[in-house]
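Structure first, then comments.
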Protein chains: 2
Amino acid sequence: MVDRVVPDVIVSRLPVYLRALQFMQMQAVTTTSSQDLGSKVNISAAQIRKDLSQFGEFGKQGTGYNVEALIAHLEKILQVEKVWDVAVIGMGDMGHALTRYGGFLNRGFRITDCFDNDPAKIGSQAGQYIIKDVADIGKGDCLRGKMVMLCVPAAAAQKIANKLVECGVKAILNYAPVHLSVPADVRVQYIDPVIGLQRMAYYLHEKNE
Amino acid sequence: MVDRVVPDVIVSRLPVYLRALQFMQMQAVTTTSSQDLGSKVNISAAQIRKDLSQFGEFGKQGTGYNVEALIAHLEKILQVEKVWDVAVIGMGDMGHALTRYGGFLNRGFRITDCFDNDPAKIGSQAGQYIIKDVADIGKGDCLRGKMVMLCVPAAAAQKIANKLVECGVKAILNYAPVHLSVPADVRVQYIDPVIGLQRMAYYLHEKNE
DNA sequence: TAGATTGTTAATCGATTAACAATC
DNA sequence: TAGATTGTTAATCGATTAACAATC
């Protein structure tokens with residue numbers, strides 16, 4: 001059995017489909033089509049059908065897809081029917097905001113640990129969490145198998161990333177505005193608002209008076 | 001003169017190059033090569049040369065690129081040699097975190113306005129900003145030509161986006177976990193941590209005990 | 001049944017890579 | 001000069017789209 005690898009681009013679109021489907025479900029929509037879903041995420045119907053066909057046959061000719069069923073399939077494929085433990089590292093404004101964000105649990109994640117290196121913060125409470133010492137990462141507190149949201153300053157990010165890799169962390173959501181060098185089996189997703197703004201600035205016509 | 005359009009994929013990589021170059025500059029590195037830069041952003045040297053060639057010839061055979069000069073070129077191309085005004089809409093945890101983030105100014109942006117719809121917040125101070133009423137968007141307070149960071153709840157996002165479009169906003173950095181439908185001349189960049197986490201969860205081997 | 005929509009194949013389109021002459 | 005690296009062309013690779021038989 002040749003297990004043909006699903007291209008990255010396709011995988012990266014699945015969460016977008018899932019989010020749109022859950023939005024439909026919230027609005028009590030029970031059925032959709034590649035056409036309909038496509039219009040809601042700005043992706044062609046053909047593309048959506050092609051993407052889904054990588055994983056199975058989830059639709060019915062003539063009627064389309066059952067929203068609830070397709071959600072279940074996508075959650076299974078993305079492995080988010082279970083809930084993953086996530087650690088937040090760096091309890092500045094961003095780290096705090098993330099711990100207070102209510103949108104994780106019903107989408108497959110929960111924050112279990114918070115770390116900082118500031119002695120003034122270590123041991124103190126942040127909502128329901130007690131902030132642990134970054135220095136303890138890799139000691140008793142093993143993060144193996146967990147995901148990490150990295151919210152430390154740019155200058156500290158690579159060093160901590162190295163530590164995380166040593167600890168067996170395989171997925172880092174990086175809020176620090178730097179590229180992280182990690183082994184090929186470790187995934188990194190980048191969130192940098194400035195990158196987003198710059199990508200748009202290119203297209204603006206200088207209306208900035 | 002056919003002004004050949006630069007593909008989106010290429011534009012989207014430029015901010016990544018720029019960020020890496022500025023990081024080098026911070027470390028007093030004066031010269032780089034496509035090889036070197038590529039290794040720092042995980043992109044092939046050929047790709048980087050090809051991308052840059054869309055905009056001109058910035059390097060020198062044998063020696064590569066001058067970091068400072070290439071930064072200047074990229075800033076010009078991305079239109080971030082100037083500073084763009086950005087409004088934050090929705091002053092929850094995320095909105096607040098953004099207003100307190102120090103990383104915008106030296107990369108081409110500054111926050112000029114903050115909005116919320118909560119009467120308890122409107123008129124109050126958030127750092128150096130006085131929170132304005134969302135209802136006033138489109139009245140005296142015109143956002144034309146500005147960029148917007150949208151940090152309102154998912155349920156409110158589309159409605160506000162419509163209002164922004166009417167106001168002449170052409171660029172929205174959307175933190176709300178929903179797709180926004182906007183006219184083709186309006187750019188949207190999405191930031192949703194859960195999408196990032198889900199993209200990575202797909203690749204994890206169930207070590208989640 | 002007629003209309004709608006799937007899953008899939010083949011055609012098209014675009015992006016990435018490899019290779020190299022030019023040249024610093 | 002010899003070594004390094006550019007910008008660019010052609011070759012390759014991969015992703016998107018169009019089209020349609022199958023079928024609900």
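What you are looking at is a predicted structure, and each value in this text was computed from that prediction instead of being measured. Lettering follows sequence order; numbering is per chain, from 1.
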Distance in angstrom units between [X] [atom1] and [N] [atom2], rounded:
X: A:F58; N: C:dT8; atom1: CZ; atom2: C1'; answer: 15 Å
X: A:L52; N: C:dT5; atom1: CG; atom2: C1'; answer: 13 Å
X: A:N66; N: C:dT5; atom1: CG; atom2: P; answer: 15 Å
X: A:E57; N: C:dT8; atom1: CD; atom2: C1'; answer: 9 Å
X: B:L37; N: D:dG7; atom1: CG; atom2: C1'; answer: 16 Å
X: B:K50; N: D:dT12; atom1: NZ; atom2: P; answer: 15 Å
X: B:Q61; N: D:dG7; atom1: CD; atom2: P; answer: 7 Å
X: B:Q35; N: D:dT5; atom1: CD; atom2: C1'; answer: 10 Å

Legend entry - A:Y129 side chain to A:I111 backbone, donor-acceptor under 3.5 Å: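 Indeed, once roles are kept as given, a pair shorter than 3.5 Å links the two residues.
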Check the phosphate of [N] against [X], side-chain N and O only, distance under 4.0 Å to OP1 or OP2. Yes or no?
X: B:T63; N: D:dA4; value: no
X: A:R49; N: C:dG7; value: no
X: B:R13; N: C:dT16; value: yes
X: A:S34; N: C:dT6; value: yes
X: B:Y65; N: D:dG7; value: yes
X: A:Q47; N: D:dA15; value: no

Inset, instruction - For the residue pair A:N162 and A:E166, confirm or rule out a side-chain donor-acceptor distance under 3.5 Å. - result: no
Inset, instruction - Ignoring hydrogens and angles, state whether a donor on the side chain of B:R19 or A:Q198 is under 3.5 Å from an acceptor on the partner side chain. - result: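 There is no such pair between these side chains.
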Legend entry - Residue met sooner reading DNA chain D from 5', once A:D51 and B:G59 are mapped to nucleotides: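 Final value for this comparison: B:G59.
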Inset, instruction - Provide the Watson-Crick or G-U wobble partner of C:dA11, both distances under 3.5 Å; none if there is no partner. - result: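 With both distances under 3.5 Å, C:dA11 matches D:dT16.
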Inset, instruction - Could you please name the partner base of C:dT23, counting Watson-Crick and G-U wobble pairs only when both distances are under 3.5 Å? - result: D:dA4
Inset, instruction - Flag the pair B:R107 and A:D192 as a salt bridge only when some basic side-chain nitrogen lies within less than 4.0 angstrom of an acidic carboxylate oxygen. - result: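 Yes, this pair counts.
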Inset, instruction - Return the nearest nucleotide to the side chain of A:A46; candidates are D:dT8, D:dT6, D:dA18. - result: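 Minimum distance to the A:A46 side chain belongs to D:dA18.
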Inset, instruction - Could you tell me how the ring of B:Y190 sits relative to the ring of B:H179: parallel (under 30°), tilted (30 to 60°) or perpendicular (over 60°)? - result: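 Answer is parallel, since the angle falls under 30°.
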